[in-house]
Amino acid sequence: MNEPIPLFDLNFGTEEEQAVIATLRSKWISSGPNVAELERRFADFIGVPHAVALTNCTAALHLALAGVGIGPGAEVIVPSYTFVATVNAIRYVGATPVFADIVGPSDLCLDVRDVARKITERTRALLPMHFGGWSCDMLALTALAKEHRLSIVEDAAHAPGVFEQGRMLGAWGDVGCFSFFSNKNLTCGEGGMAVCHDDEIAARMRLMRSHGMTSLSYERAQGHATKYDVLELGYNYRMDDIRASLALVQLEKLTDDRAARARVAQQYREAFFDMRGLTVPFSERSGSSSHYIFPIVLVEGGAVRRDAVRAQLRDAGIQTSVHYPAVHRFAIYEPYTTALPQTEFVADHLITLPMYGKMTSGHVSRVVGELQKALVGSSTVA
Ligand SMILES: Cc1ncc(COP(=O)(O)O)c(C=O)c1O
């Protein structure tokens, strides 16, 4: 039996171990100097004045929506083809998610024409998600937002370090939200970041991440503050210094890791170029990506055949996944269901293949070969 090929692999080395040990030895493990340093470096990296480190991207999405003033009665247009957290965050602030479709199998990002159709007098924000690290059509979405006076919160969980037309993803909207969850390109186990241009939005997010309190315990321990007031009903969404020290090392590695992923993606694309029976999303794009995941979409057969293909790959030692089941099909989102034909087709036909920077060309060839066998073997299941 060949060695198993996982869906993703951590890009950790001794640098991460040393960084964590140094933080433990410093004896300040909650939010402190590492968090402040990570915020400075991440803001510089994205090219924005403010970065607010948080417990995860879900918290970032929550505070971003609260920060731009979204609340009960507001509608927010969002893809159903995303991780459920993107949509849950809209509910946290009491607003209503309105689902828009994706373009289709060749482009898994929001269809701007459908977004335009879904705008009503109650719409207050757009929440695009940059699928797999590929940009939504930000020029068109920004124009639409301007015309209708809407805020934009970008879900850039998949997309750290992606330049799109001279601007980093996450820096296009009012707030950009990133995830440092364990399978992300930049990880510290659990973590997130909200970035923005506006001083007031940043101040509000900072306040709300720590119970609405006017000072942090690190500031008080340093003698920079002696007391605090509570100005708003906030949360405990603080990142700790152990995670921040890990994330600082990962940030340094991000650009090289992306280049390694791009090579893996290129090998997949060349191998799939003339393979029948599947579409490689985004293969017609000239822009760049974080290459967070490598999805393919089968052209036919529905979820039954897709699951049979995945089972065959699993039996060959290859881990796959489905990014994502459509959110509007989950029980709690039934009341928000609307016609989303492209989302439903892709949700039933997509397979996420293994992708990580250290994948060898031998690994990629094995995935491609096993996939080809599985496609031929399952072509009559439909
Ligand atoms: C598109 C998207 N949005 C939001 C999230 C939530 O991120 P976190 O796990 O950091 O809360 C994820 C995490 O997987 C995601 O993929």
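No experiment lies behind these values; they were computed from the predicted model shown. All ligand and atom numbering here is 1-based and tracks the order in the structure.
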Do [X] and [Y] have a side chain donor and acceptor closer than 3.5 Å?
X: S245; Y: T23; answer: yes
X: Q312; Y: E370; answer: no
X: T214; Y: D229; answer: no
X: Y237; Y: N56; answer: no

Shortest protein contact, [atom] (heavy atom only):
atom: atom 14 (O) of ligand 1; value: K184 NZ, 2.7 Å
atom: atom 12 (C) of ligand 1; value: F83 CD2, 3.6 Å
atom: atom 7 (O) of ligand 1; value: C57 CB, 3.2 Å

Can you name the atoms of ligand 1, numbered from 1 with element, that are less than 4.0 Å from a heavy atom of [X]?
X: T82; value: 1 (C)
X: T86; value: 3 (N)
X: M129; value: 1 (C)
X: G191; value: 10 (O)
X: D155; value: 1 (C), 2 (C), 3 (N), 4 (C)

With a heavy-atom distance limit of 4.0 Å, tell me whether [X] approaches ligand 1 through its side chain, its backbone, both, or neither.
X: N56; value: both
X: Y324; value: side chain
X: T58; value: both
X: A157; value: side chain

Within the distance-only criterion (no hydrogens, no angle test), does the side chain of [X] pair as donor or acceptor with the backbone N or O of [Y] below 3.5 angstrom?
X: K184; Y: H158; value: no
X: R209; Y: A53; value: yes
X: R258; Y: S289; value: yes

**Study point:** Ring centres under 6.0 angstrom apart (H62, Y235)
**Key:**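 Distance test on ring centres: under 6.0 Å, yes.
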Check your understanding: Just going by heavy-atom distances, which of M193, H62, H158 is nearest to atom 1 (C) of ligand 1?
Key ->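 Of the listed residues, H158 has the closest heavy atom.
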Practice item. Can you establish whether the number of heavy atoms outside I29 located under 6.0 Å from its atom CD1 is more than 12? Key: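 Open: at most 12 neighbouring heavy atoms sit under 6.0 Å from CD1 of I29.
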